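First the structure, then my questions, so here it is.
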Amino acid sequence: MDTSLISISTFMWAFNKVRPSEVVDKIVDFALDIIVPGRGTGGKSWWTRGVKRLEVAEREFELRSDLQRWDREFPFMHHELLIRYSAGLLASSAALCLYDFLRDRRRKP
């Protein structure tokens, strides 16, 4: 009974607390850091910084348009809902692990 209450309450809290747009922005920034290579030697010149900025903008547009296409093709699995469900599952799992850890420590002499 108590584990289900903890699980449900933490899931609901995280589901409502998370801001999917901020998570998507962080994921896109992380993906762009991996996808768009650094410029190496001469990377500090105004020309190469401008080229990299254009490349980053182009890749970001592609990623966001892929997200929009995903939302149109799978409306029942909208990317924001997936982020909310993942956050709720993670919070619920972490709360249950912490609860089990504390309960086991209390039982041991």
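Because the structure is a prediction, the values reported are computed rather than measured.
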Exercise. Evaluate the side-chain proximity of Leu89 to Phe15: yes if any heavy-atom separation is below 4.5 Å, no if none is.
Key: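 A side-chain contact under 4.5 Å is absent here.
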Self-check item: side-chain contact (heavy atoms from CB on, under 4.5 Å) between Ile27 and Leu63, worked out
Solution: CA-CA 10 Å; Ile27 292 172; Leu63 286 172; over 6 Å; no
Quiz item: For Ala14 and Ala87, which heavy atoms make the closest approach, and how far apart are they?
Solution: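 In terms of heavy atoms, the two residues are closest at CB-O, 3.6 Å.
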Quiz item: Are side-chain heavy atoms of Leu90 and Ser86 found at a separation under 4.5 Å?
Solution: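 Counting from C-beta outward, Leu90 and Ser86 never come under 4.5 Å.
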Quiz item: Is it true that atom CZ of Arg19 has more than 12 heavy atoms of other residues, nucleotides or ligands lying nearer than 6.0 Å?
Solution: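 For Arg19, atom CZ is not crowded (no more than 12 foreign heavy atoms under 6.0 Å).
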Quiz item: Going by heavy atoms in the side chains, are Pro20 and Arg84 under 4.5 Å from each other?
Solution: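 Pro20 reaches Arg84 side chain to side chain.
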Quiz item: Which heavy-atom pair separates Thr3 from Leu96 by the least distance, and what is that distance?
Solution: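 It is O-CD2, 3.5 Å.
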Quiz item: If you round to the nearest 0.5 Å, how far is CD of Glu60 from CG of Leu32?
Solution: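 Rounded to the nearest 0.5 Å, the CG-CD separation comes to 5.5 Å.
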Practice problem: Indicate yes or no: at least one non-hydrogen side-chain atom of Arg64 is less than 4.5 angstrom from one of Asp25. | Solution: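 Side-chain contact under 4.5 Å: yes.
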Quiz item: So how far is it from Leu67 CG to His79 NE2, rounded to the nearest 0.5 Å?
Solution: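 So the CG of Leu67 and the NE2 of His79 are separated by 5.0 Å.
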Quiz item: Using the ring of each side chain (for Trp, its six-membered ring), is Phe11 parallel, tilted or perpendicular to Tyr85, with breaks at 30° and 60°?
Solution: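 Phe11 vs Tyr85 ring planes: parallel.
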Self-check item: For the student: nearest non-hydrogen atoms of Thr10 and Ser92, plus distance
Solution: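 So the minimum-distance heavy-atom pair works out to OG1-CA, 3.3 Å.
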Quiz item: Do Asp100 and Arg103 meet the salt-bridge criterion of a basic N to acidic O distance under 4.0 Å?
Solution: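 Yes, charged N to carboxylate O under 4.0 Å.
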Quiz item: Can you find a heavy atom in the side chain of Leu82 that is under 4.5 Å from one in the side chain of Trp70?
Solution: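 Contact flag for Leu82/Trp70 side chains = yes.
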Practice problem: State yes or no: do Trp13 and Ile6 share one hydrophobic cluster built from I, L, V, M, F, W and Y residues joined by side-chain heavy-atom distances below 4.5 Å, directly or via other members? | Solution: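 As far as the 4.5 Å side-chain criterion goes, Ile6 and Trp13 are not connected within one cluster.
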Self-check item: Rounded distance [0.5 Å steps], NE2 in His78 versus CZ in Arg72
Solution: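 His78 atom NE2 to Arg72 atom CZ measures 10.5 Å (nearest 0.5 Å).
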